[in-house]
*Asks:* 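For reference, the structure I am asking about is given below.
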Amino acid sequence: MTKVQVRELVFEKFISREEIDVAVQKVADAINRDFEGKNPLLLAILNGAFIFASDLMRKITIPCEISFVKFASYSGTQSTSNIKELIGVDEDLKGRYVIIVEDIVDTGLTMEKLLQDIDLKKPAGVKVACFCFKPEAFQKDYSIDYIGLTIPNDFIVGYGLDYDGYGRNLPDIYKIVK
Ligand code: IMP
């Protein structure tokens, strides 16, 4: 099993770049099917979703746009309920179809905050696309419309996901060795 060290923690290979590609294509296929003629706006959550959003957008074949928002909720390997908005939504979303693009939904708090903010802007519809979903950690009841991979409640790095700012550049996904 390939292992990597990110700062003081050791991680082992968990999801290969080939499996990642298949999962991203699955999400893109569903979006291409569901948003034909709707010119959706992808709203990607920085920092973690930048690689997923970039791969996803290049697999979307219908006309679409992209914008970015930025929140911070994680401290080390723990999600916190203290969510700070660092870059907000500045687009006019009235009447638009919005697809929120997130790297991972863990407790679901970050996404809930964004869903509340977006709702105030009266979009025509909002869907959530996340690359990884941790159902055991999820504390909310809204639906996640497009899920790349469902994973256990382990801390992971790679493919845009970080530990303390590092590990985002790993092309495969690694999980923490406990
Ligand atoms: P939530 O608000 O608890 O759902 O956390 C969402 C955010 O926490 C994600 O956008 C990630 O930035 C971060 N996060 C959650 N789980 C992990 C993980 O396993 N590795 C790295 N970051 C994570």
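Treat the numbers as computed from the prediction; the structure is a model and nothing was measured. One is the number of the first residue; the rest follow in order along the sequence. Atoms within a ligand are numbered from 1 in the order they appear, just like the ligands themselves.
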*Asks:* Considering only heavy atoms, does V157 approach ligand 1 within less than 4.0 Å through its side chain, its backbone, both, or neither?
*Replies:* neither

*Asks:* Could you tell me which atoms of ligand 1, counted from 1 in the order shown, lie closer than 4.0 angstrom to a heavy atom of E102?
*Replies:* 9 (C), 10 (O)

*Asks:* Here's a test for you: under side chain to side chain contact (heavy atoms under 4.5 Å, CB included), which of K140, E102, Q116 qualifies with M111?
*Replies:* E102

*Asks:* Measuring from the heavy atoms of I45, does anything fall under 4.0 Å of ligand 1?
*Replies:* no

*Asks:* Counting each atom of ligand 1 from 1 as listed, which ones have a heavy atom of D162 under 4.0 Å away?
*Replies:* 21 (C)

*Asks:* So, does M111 sit close enough to ligand 1 that a heavy atom of it is under 4.0 Å from the ligand?
*Replies:* no

*Asks:* Hydrogens and angles aside, do Q25 and D29 bring a side-chain donor and acceptor to less than 3.5 Å of each other?
*Replies:* yes

*Asks:* Quick one: side-chain hydrogen bond (donor to acceptor under 3.5 Å, both in side chains) partners of D119, sequence neighbours excluded?
*Replies:* none

*Asks:* Quick one: which of I176, L161, D106, V105 has a heavy atom closest to atom 22 (N) of ligand 1?
*Replies:* L161

*Asks:* Could I get the full list of side-chain contact (heavy atoms from CB on, under 4.5 Å) partners for Q5, not counting sequence neighbours?
*Replies:* none

*Asks:* Within the supplied structure, the quantity of interest is the number of heavy atoms (other residues, nucleotides, ligands) at a distance under 6.0 Å from N153 CG; does it exceed 12?
*Replies:* yes

*Asks:* Which ligand 1 atoms does T110 reach within 4.0 Å, using its non-hydrogen atoms?
*Replies:* 1 (P), 2 (O), 5 (O), 6 (C)

*Asks:* Using a 4.0 Å cutoff against the non-hydrogen atoms of L109, which atoms of ligand 1 qualify?
*Replies:* 2 (O), 4 (O)

*Asks:* Does the distance from a Lys or Arg side-chain N to an Asp or Glu carboxylate O, for R96 and E91, drop under 4.0 Å?
*Replies:* no

*Asks:* Is the shortest side-chain heavy-atom distance between I147 and C130 below 4.5 Å?
*Replies:* yes

*Asks:* With heavy-atom distances below 4.0 Å as the criterion, list the atoms of ligand 1 near D154.
*Replies:* 19 (O)

